[in-house]
Amino acid sequence: MKFDISYRDHGTSARAGLLSTDHGDIASPFFMPVGTAGTIKALHVKDLREEVKAQIMLSNTYHLYLRPGAHIVSAAGGLHKFNGWDKPILTDSGGYQIYSLGDIRKFTDDGVIFQSHIDGSRHVFTPEKAIDVQRQLGADIIMAFDECTPYPCDQAYALKSMKRTHYWLTRCMSHFAQTECPHGYTQSLFPIVQGSVFPELRVESARFIAQQDAPGNAIGGLSVGEPAGIMYDMTGLVCGILPDNRPRYLMGVGTPANILESIALGIDMFDCVMPTRNGRNGMLFTRNGIINIKNEKWKGDFSALEEQGEVYADLQYNKAFLRHLFMSKEILGAMIATMHNLGFYMWLMKEARNQIIQGTFSGWKETMVKQLMQRL
RNA sequence: GUGGUCGUAGCUCAGUUGGUUAGAGCGAUAGAUUGUGGAUCUAUAGGUCGUGGGUUCAAGCCCCAUCUUCCACC
């Protein structure tokens, strides 16, 4: 994996670069659509490639391990062969899912014992296990097994949780070094900074992560309920410590405004369920602001979803029809909203990159943050 | 025609021995949603208790009439 920074913004820490993997290059900053179970819900791979024009997709270790099972994906030749997406893939390690989905889970220093959200069966995940499963799945970028520290939490717990994540990281890296991808290409392991909302802990964690000299670094444990200002403070603090010449990945973020502000702080990679999950529930992100398509006011509005939009759905369908589909719970509604929202997020990232290259990012960002987040 | 039965929110229904401002689910109208359970959560609106009389301090509830639903019999 190689990461080259080609342009830097003057007024902010934003940068535009190129990340190279065995499944192709990715222009940064970029957004990764989330395909938990190996698929972007309600979207064909063809549309992800040709309409949305995604450069990389994210998938999930926890979900694929439980169903269909890593051995099935591996037998197919890895996730790219299994789902037909031949561009880069990143898999999350499962730490976050165990945190967010598990009713019954038990953390030990060795790992986590958790119950499946599907059938209640018991499983054990250790750092080694998370690496083994991600080797089998075969994503280009794989994530260290971490504990996403809950918010709010006290500093004592945040410290303990951070230490555990660091300990697990050393085991992940050790096991990663002793294994190889069974599918014949290179995988890269990204470590994750924790430390909750405590500056001292974030600094300590960022220093520890920076020492590992990983090909890329992630920031976790944010956008879990804390105020946006705190998220930006922590992100800026950590970005100042993580290596400048490696991609920085802010996990789980976020809204269009969150993303633009974080790009300004030096983040290169994002993922979030918001455009897809909220899309399936009727929330549209547009260049003029946010639409709840189920609102009665769109009942007779026959204008296009997005006049300047670049995906097929934007001009093919009008707002009143899309509202009708949602009110009728028609499957096509979720498909249209998903394609539109991902198309919008891709446009946002492409435009941010263009603005960085042209040296106009800072002013453009200020205008966009206000415009994109207003409710229509 | 006779006897019984039903009628409460847009829909399906609770509603105690007659006792505070008649409730729920769904639907509707809005809001939330950040390393995904097409999910979930929150709030709001919505009622001449079929209609008209009567009894009572007090009626969705008891009495009379009438309309309506469904059933049985002639």
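A, B, ... follow the sequence lines: proteins, then strands. Residue 1 opens every chain.
Look at the P atom in both B/C73 and B/C13: the space between them is 26 Å, to the nearest Å. B/C62 and B/G19 have their C1' atoms separated by 15 Å, given to the nearest Å. Rounded to whole Å, the C1' atom of B/A22 lies 11 Å from the corresponding atom of B/A14. A distance of about 7 Å separates the C1' atoms of B/C11 and B/G27, rounded to the whole Å. Across B/A24 and B/G47, the matching P atoms stand 15 Å from one another, rounded to whole Å. A distance of about 34 Å separates the C1' atoms of B/G10 and B/A72, rounded to the whole Å. Rounded to the nearest Å, the gap between the C1' atom of B/A59 and that of B/G52 is 15 Å. B/U69 and B/G50 have their P atoms separated by 16 Å, given to the nearest Å.
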For nucleotides 27-32 of chain B, give me one character per nucleotide, 5' to 3': B if any protein heavy atom sits under 4.0 Å from the base, S if the only such contacts are to the sugar-phosphate, - if neither. -SSSSS
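Interface residues of residues 235-245 of chain A facing RNA chain B, ordered by number: none; criterion, heavy-atom separation under 4.0 Å. In the region residues 186-219 of chain A, proximity to RNA chain B at under 4.0 angstrom, judged on heavy atoms, holds for A/Ile192, A/Gln194. Within residues 262-276 of chain A, the residues having any heavy atom closer than 4.0 Å to RNA chain B are, in order of number, A/Asp271, A/Cys272, A/Val273, A/Met274, A/Thr276.
Aromatic ring orientation, A/Phe145 versus A/Trp168: parallel (interplanar angle below 30°, classes split at 30° and 60°). The aromatic rings of A/Tyr65 and A/Phe125 stand perpendicular to each other, their planes meeting at an angle above 60°, with 30° marking the opposite boundary. Taking the six-membered ring where tryptophan is involved, the planes of A/His117 and A/Tyr62 are essentially parallel, since the angle between them stays under 30° and well short of 60°. Between A/Phe321 and A/Tyr317, the ring planes are parallel. Angles under 30° get that label, and only those over 60° would be called perpendicular. By the 30° and 60° cut-offs, the orientation of the rings of A/Phe285 relative to A/Phe344 is parallel.
Residues that satisfy the side-chain hydrogen bond (donor to acceptor under 3.5 Å, both in side chains) test with A/Tyr151, not counting sequence neighbours, are absent from this structure.
At the heavy-atom level, A/Asn60 lies under 4.0 Å from the strands shown only through sugar-phosphate atoms. A/Leu90 comes within 4.0 angstrom of no nucleic acid atom, judged by non-hydrogen atoms across all strands. Using a 4.0 Å heavy-atom cutoff across all strands shown, A/Gly95 reaches no nucleic acid atom at all.
The side-chain contact (heavy atoms from CB on, under 4.5 Å) with A/Val193 is formed by just one residue from the set A/Asn217, A/Asp146, A/Leu242; it is A/Leu242. Screening A/Val253, A/Ile26, A/Ile141 for a side-chain contact (heavy atoms from CB on, under 4.5 Å) with A/Met269, the sole residue that qualifies is A/Ile141.
Of the two residues near RNA chain B, A/Leu332 and A/Cys148, the one whose nearest nucleotide lies more 5' is A/Cys148. For the pair A/Gly94 and A/Lys41, nearest-nucleotide mapping onto RNA chain B gives the more 5' position to A/Gly94.
For the residue pair A/Asp110 / A/Thr126, no side-chain donor-acceptor distance below 3.5 Å is found, with atom types taken as modelled. A donor atom on one side chain and an acceptor atom on the other are found under 3.5 Å apart for A/Asn258 and A/Tyr232. With 3.5 Å as the limit, one finds a donor-acceptor pair spanning the side chains of A/Gln178 and A/Ser174. A donor and an acceptor atom, one from each side chain of A/Asp140 and A/Tyr185, are nowhere located under 3.5 Å apart. Looking at A/Gln355 and A/Thr360, their side chains do bring a donor and an acceptor atom within 3.5 Å of each other. Looking only at atom types and distance, the side chain of A/Thr165 has no donor-acceptor partner in the side chain of A/Glu147 under 3.5 Å away.
A/Arg280 places its CZ atom 5 Å from the C1' atom of B/G38, with the value rounded to the nearest Å. Whole-Å rounding puts the A/Tyr151 OH to B/G35 C1' distance at 19 Å. Between the CD1 atom of A/Ile56 and the P atom of B/G35 there is a distance of 16 Å, rounded to whole Å. Note: CG (A/Asn258) to P (B/G35) measures 11 Å, nearest angstrom. Nucleotide B/U33 holds its C1' atom 15 Å from the CG atom of A/Leu284, rounded to whole Å. Summarising the geometry, the separation between CD1 on A/Ile331 and P on B/A39 is reported as 12 Å, rounded to the nearest angstrom. Between the CZ atom of A/Arg277 and the C1' atom of B/G38 there is a distance of 11 Å, rounded to whole Å. Between the CE atom of A/Met32 and the C1' atom of B/G35 there is a distance of 8 Å, given to the nearest Å.
Residues A/Ile291 and A/Met335 share a single hydrophobic cluster, defined by chaining ILVMFWY side chains whose heavy atoms lie under 4.5 Å apart. Hydrophobic clustering (ILVMFWY, side-chain heavy atoms < 4.5 Å, transitive): A/Ile356 and A/Tyr249 are in distinct clusters.
For A/Ala334, whose side chain is taken as the heavy atoms from C-beta onward, the closest listed nucleotide among B/G38, B/G35, B/G37 is B/G38.
A ring-centre distance under 6.0 Å is not found for A/Tyr345 and A/His340.
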How is the base pairing of RNA chain B summarised as a dot-bracket string, given the Watson-Crick and G-U wobble criteria with both distances under 3.5 Å, [ ] for crossing and | for another strand? ((((..(..((((.....[...)))).(((((.......))))).....(((((..]....))))))..)))).
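Annotation: side chain of A/Ser303 is not in contact with side chain of A/Asn318 (no heavy-atom distance under 4.5 Å).
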